[in-house]
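Reading through the structure tokens given below for one structure.
In what follows, chains are A, B, ... by sequence order, proteins preceding strands, each numbered from 1.
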Amino acid sequence: MRTHYCGDLRATDIDQTVTLFGWVDRRRDHGGVIFIDLRDRTGLAQIVSDPERTPDSYPMAEDVRNEYVVKIVGRVYQRPPASLNPKLPTGEVEIYADTIEVLNTVRKQLPFQVSLADNETVREDLRLKYRYLDLRRERMNHNIRLRHAVVKAIRRFLEDQQGFIEVETPVLTRSTPEGARDYILPSRVNPGQWFALPQSPQLFKQLLMVSGFDRYYQIARCFRDEDLRADRQPEFTQLDMEMSFMSQEEIIQLNEDLVCHIFKEIKGIDLPRPFPRLTYAEAMDRYGSDRPDTRYGLELVDVSDVVQDSKFKVFSGAVKSGGIVKILPIPNGNDHISNVRIKPGGDLFNEATDAGAKGLAYIRVRDDMVIDTIGAIKDNLTNEQKQEILNRTGAQPGHLLLFAAADTTTVNKTLDRLRQVVAKELELVDTDAINLLWVTEFPMFEWNADEKRYEALHHPFTAPYPDDQADLPTARAQAYDIVFNGFEIGGGSLRIYQSELQTKAFETIGLSDEEAQEKFGFLLEAFEYGTPPHGGIAYGLDRLVMLLAGEESIRDAIAFPKTQQARCLLTQAPSTVDNAQLQELHVASTHKPKKQED
RNA sequence: GGGGGUGUAGCUCAGUUGGCCUAGAGCGCCUGUCUGUCGAACAGGAAGUCGCGGGUUCAAAUCCCGUCUCCCCCGCCA
């Protein structure tokens, strides 16, 4: 049997006879001596075979090829001084192979090299089709093991230090309104009825609080049938938590403890405490986003009051109709960003109009603080107004000021996007920085102008601040998001635990008593039987692992992810099924496949 | 649903205004030389439905139309 892992061998193992199993990572044949890099999950070890020192193993060493699975028995030796390899943890030693046994060969040409140079990449669709080979590679092997380490750290902390217990909740559950599109499954036993896969264990974890479990967590698979992005998969994993009898402050503290524990375990970093906090209003004001990336400046400046009476109608008009005017000040922007890019047809202009803005005004600050801009702005702002704009933005010669004037949402969305584009282009992002922060005091509801109704910003079980209960539509929620370098990695809230207040919340989003009863009756009823005050949080585990791994796609944090078309290239799922299978489920497809020639 | 990008040897890519393309390079693969390499080196060799289908042309990897894949983004994702 195996006595050691390859990557663990050290000088202290010298003179030992070891048995190793693994894959041939590389083979270097010098005619008289053959080196084999043997790889297992821990790393590489150099195997040596030549006709004099290891006559028995030499014929086999000649025959093995990359990715063969072999068993090697041999003795650990100190490497000759000139042959030490400081690049390898095992680089001080090598194994003289007494025997090399091929346990399995590679019968087909490998679709890509498992072991390849750092600067080479492989097309992602190939990697996904042959994911088992991709996972053999260092990068993915590391990511998946990192993911495990994160989960392990979470479990150790929550279970061993904080008294949480993990409870599994159903994957076959019921469809609920609001939120994302559900994945649904037909019930064979109940013709015409459907299960839904959970978008999150939200309702169950609240019920577990009613049951008195007090501290629940789960590494929970969640499903949302929406279009994919680099950081969004249709099935993903949440670290889901819920606690009873804790204030928002206590929950935030416990979660800072958790996040610090994770960073300490994974990165060996002691994060500074407490994490900075921004209210939602402050985040929107300063960054135009509820998940600001604070690794760089470029804070927005509101000048609505300065320009509200100006003769430049774009500005004053926006303010008069209830909107705002804000500036994104860009130090040295004049050197990097040309007028062509700001004017119609330019990429920054398009970025702005994509966000809903009608255009993009600008002021360039030249030497001696001379203002360079279009005539309409130059002529229609008073000197006092110009001076105040320069003062507020802290403008210096070289500054480019980009203006957005519209309704508040559009202005923030526009400048948030431009802020990110500019930061990336001017390389203002400190990629080594780790910025964690809380965003608090979210509004309970958001007005949906298209559907003319309020929508829950977080979800409809979120509790308002006690002082705000009288007017729910404008109430602030006791909700909190945790943001990591501009990514929302988690969010949670205190929950409503009184059925009267819950009913009011449903009313606010236009969910009638009847509908509420039909969809959430079980929850409302549960609240009638002694419900503790409770609250919780859920983290996007895949996203967290992605960021910790330094990856830019959530797929690189998941062993077997889906493509952007929500397909699995490895198994070719989803697929068609037999008609008989459908009939059994009382289901018929209405999809008409395109004509195929054959 | 929409916008953008992509597809050429097993892999990563080059291939300019259509013709020196009978499609190249590096890596990998195969054969050989070589006893201290570690992305071994050197010599030789095999290897292509230029995503797929149509069209224009004397001539298409290159131009046009359609279509598919994968990626990024918008919408969507409480």
Side-chain angles (χ1 to χ4, degrees), chain A residues 25-38 44-54 58 61 65-67 77 79-88 90-91 94 106 108-130 133 176-182 199-200 202 222-234 236 347 350-351 353-356 413 417 421 442 444-446 448 450 454-462 477 479 488 491 493 505 509 511 538 540 552-553 555 562-565 567 569 594 596-597:
Chain A
D25 192 70
R26 271 208 171 82
R27 177 176 163 279
R28 291 177 295 279
D29 185 346
H30 287 249
V33 60
I34 295 172
F35 299 99
I36 294 169
D37 287 340
L38 188 67
L44 298 177
Q46 176 163 283
I47 313 297
V48 185
S49 184
D50 69 39
E52 286 165 23
R53 289 175 291 192
T54 61
Y58 190 71
R65 292 294 179 270
N66 288 350
E67 300 309 314
Y77 280 82
R79 289 197 190 191
S83 296
L84 298 174
N85 185 352
K87 282 190 262 178
L88 284 180
T90 60
E94 58 192 1
V106 173
K108 298 174 68 176
Q109 178 149 42
L110 290 163
F112 51 82
Q113 289 167 249
V114 172
S115 177
L116 46 68
D118 297 337
N119 58 353
E120 276 200 299
T121 55
V122 179
R123 278 183 76 92
E124 193 174 3
D125 47 344
L126 257 190
R127 291 173 53 203
L128 293 177
K129 182 173 179 186
Y130 299 97
L133 292 178
T176 52
E178 298 269 331
R181 192 178 293 114
D182 284 320
Q199 295 181 24
S200 78
Q202 182 63 34
C222 304
F223 307 87
R224 294 178 189 177
D225 188 3
E226 297 293 346
D227 286 345
L228 288 76
R229 288 285 189 283
D231 63 351
R232 267 165 35 194
Q233 283 272 303
F236 61 101
D347 62 321
N350 288 341
E351 197 70 41
T353 51
D354 280 356
K413 191 173 174 182
R417 280 203 204 178
V421 170
F442 282 81
M444 289 272 286
F445 303 103
E446 206 173 33
N448 182 327
D450 293 340
Y454 285 101
E455 286 177 342
L457 199 75
H458 201 63
H459 58 57
F461 314 106
T462 303
E488 180 201 325
S493 64
I509 57 171
L511 199 65
E552 289 185 350
S553 165
R555 293 182 297 277
K562 307 281 187 289
T563 67
Q564 199 167 54
Q565 295 305 308
R567 303 196 63 89
L569 295 182
K594 285 176 188 164
Q596 287 180 344
E597 293 173 78

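Looking at A/E455, its side chain never comes within 3.5 Å of a backbone N or O of A/I509 through a donor-acceptor pair. One N or O on the side chain of A/Q199 and one on the backbone of A/A180 form a donor-acceptor pair closer than 3.5 Å.
Not one side-chain nitrogen or oxygen of A/K129 sits closer than 4.0 Å to the OP1 or OP2 atom of B/rU69. Within the 4.0 Å cut-off from OP1 or OP2 of B/rU12, not a single side-chain nitrogen or oxygen of A/T121 is found. At the phosphate of B/rG28, neither OP1 nor OP2 sits under 4.0 Å from any side-chain N or O atom of A/R27. Contact check, A/R229 against B/rC74: a side-chain N or O comes under 4.0 Å of OP1 or OP2. For A/K108 and B/rC29, the shortest distance from a side-chain N or O to OP1 or OP2 is not below 4.0 Å.
Of the candidates B/rC70, B/rG75, B/rC38, the closest approach to any side-chain atom of A/R232 belongs to B/rG75. For A/R79, whose side chain is taken as the heavy atoms from C-beta onward, the closest listed nucleotide among B/rG28, B/rU37, B/rC73 is B/rU37. Distance from the side chain of A/R28 is smallest to B/rA40 among B/rG36, B/rC70, B/rA40. Counting only heavy atoms from C-beta on, A/R224 has its side chain closest to B/rA78 among B/rU37, B/rC74, B/rA78. With B/rA40, B/rU37, B/rG28 as the choices, the nucleotide that has an atom nearest any side-chain atom of A/N66 turns out to be B/rG28. Out of B/rC29, B/rG36, B/rC71, the shortest distance to the side chain of A/V48 is found at B/rG36. Which of B/rA40, B/rC70, B/rA78 sits closest to the side chain of A/D125 comes down to B/rC70. Proximity note for A/R123 (side chain, C-beta onward) versus B/rA78, B/rG10, B/rU6: the nearest is B/rU6. Proximity note for A/R53 (side chain, C-beta onward) versus B/rC70, B/rU37, B/rU35: the nearest is B/rU35. For A/R567, the listed nucleotide lying nearest its side chain is B/rC70; candidates were B/rC76, B/rC70, B/rG75.
With hydrogens and angles ignored, no donor-acceptor pair closer than 3.5 Å exists between the side chain of A/Q565 and the base of B/rU69.
Atom CG of A/D354 and atom P of B/rC73 are 14 Å apart (whole Å). Remark: P of B/rC76 and NZ of A/K413 are 7 Å apart, rounded to the nearest angstrom. Distance CZ (A/R127) to P (B/rC71): 11 Å, rounded to an integer number of Å. As a whole-Å value, the separation of A/N85 CG from B/rG36 P is 16 Å. If you take CD1 of A/I34 and P of B/rU33, they are 12 Å apart, rounded to a whole angstrom. The CD-P distance, from A/Q564 to B/rC74, rounds to 11 Å in whole Å. Atom CG of A/D29 and atom P of B/rC42 are 15 Å apart (whole Å). In this structure, CD of A/Q199 is placed 6 Å from P of B/rA78, rounded to the nearest angstrom.
Among A/D227, A/L228, A/D225, the one residue that satisfies the side chain to side chain contact (heavy atoms under 4.5 Å, CB included) test with A/P234 is A/L228.
Base pairing of B/rU69: no nucleotide in any strand meets the Watson-Crick or G-U wobble criterion (both distances under 3.5 Å). Pairing for B/rA25 is with B/rU12, a Watson-Crick or G-U wobble pair whose two hydrogen-bonding atom distances lie under 3.5 Å.
The aromatic ring of A/F35 stacks onto the base of B/rU37, its centre lying under 5.5 Å from the centre of the six-membered base ring with the two planes under 30° apart. A stacking contact links A/H30 to B/rA40: the aromatic ring centre lies within less than 5.5 Å of the base's six-membered ring centre, and the planes differ by less than 30°.
Between B/rC63 and B/rG19, the two C1' atoms lie 14 Å apart (nearest whole Å). Between B/rG44 and B/rC50, the two P atoms lie 29 Å apart (nearest whole Å). Spacing of C1' atoms, B/rG66 relative to B/rG24, comes out at 30 Å, to the nearest Å. Comparing the same atom, C1', in B/rA14 and in B/rG1 gives a spacing of 37 Å after rounding to whole Å. Look at the P atom in both B/rG18 and B/rC58: the space between them is 15 Å, to the nearest Å. Taking the C1' atoms as reference points, B/rU6 lies 14 Å from B/rU12, given to the whole Å. With C1' as the reference atom, B/rG15 and B/rG55 are 24 Å apart, rounded to whole Å. Distance check on atom C1': B/rC64 versus B/rA46 gives 37 Å, rounded to whole Å.
Residue A/R27 comes nearest to A/A61 through the heavy atom pair NE-O, 2.9 Å, listed as atom of the first residue, atom of the second, then distance.
In this view, A/F442 and A/Y280 satisfy the ring-ring contact (aromatic ring centres under 6.0 Å, His included) rule, not counting sequence neighbours. Considering only residues two or more places apart in sequence or on other chains, A/N350 meets the side chain to side chain donor-acceptor pair (under 3.5 Å) condition with none of them.
Base contact: A/P80 has a heavy atom under 4.0 Å from a base atom. Across all strands shown, A/S200 has heavy atoms under 4.0 Å from base atoms, whether or not it also approaches the sugar-phosphate. Looking at heavy-atom distances under 4.0 Å, A/S83 makes contact with a base. Nucleic acid contact for A/L84: base, since at least one base atom lies under 4.0 Å from a heavy atom of the residue. Contacts of A/L569 with the nucleic acid, taken as non-hydrogen atoms under 4.0 Å apart, involve only primed sugar atoms and P, OP1 or OP2.
With contacts defined as side-chain heavy-atom distances shorter than 4.5 Å, the pair A/R417/A/D354 qualifies.
One finds a salt bridge joining A/R28 and A/D37 here, because a Lys/Arg side-chain nitrogen approaches an Asp/Glu carboxylate oxygen to under 4.0 Å. The pair A/R555-A/E124 meets the salt-bridge criterion, with a side-chain N (NZ, NE, NH1 or NH2) lying under 4.0 Å from an Asp/Glu carboxylate O.
Of the two residues near RNA chain B, A/L126 and A/E446, the one whose nearest nucleotide lies more 5' is A/L126. Both A/R65 and A/E52 lie close to RNA chain B; mapped to their nearest nucleotides by heavy-atom distance, the more 5′-ward contact belongs to A/R65.
A/E226 CD: more than 12 foreign heavy atoms inside a 6.0 Å radius.
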Could you go over nucleotides 23-26 of chain B and give all protein N or O partners under 3.5 Å, atom names and distances?
| from | atom 1 | to | atom 2 | distance (Å) |
| --- | --- | --- | --- | --- |
| B/rG26 | N2 | A/E120 | OE2 | 3.3 |

message: Using side chain to side chain contact (heavy atoms under 4.5 Å, CB included), reason through A/R53 and A/V33 one step at a time and then give a plain yes or no.
response: CA-CA 10 Å; A/R53 289 175 291 192; A/V33 60; 4.1 Å; yes
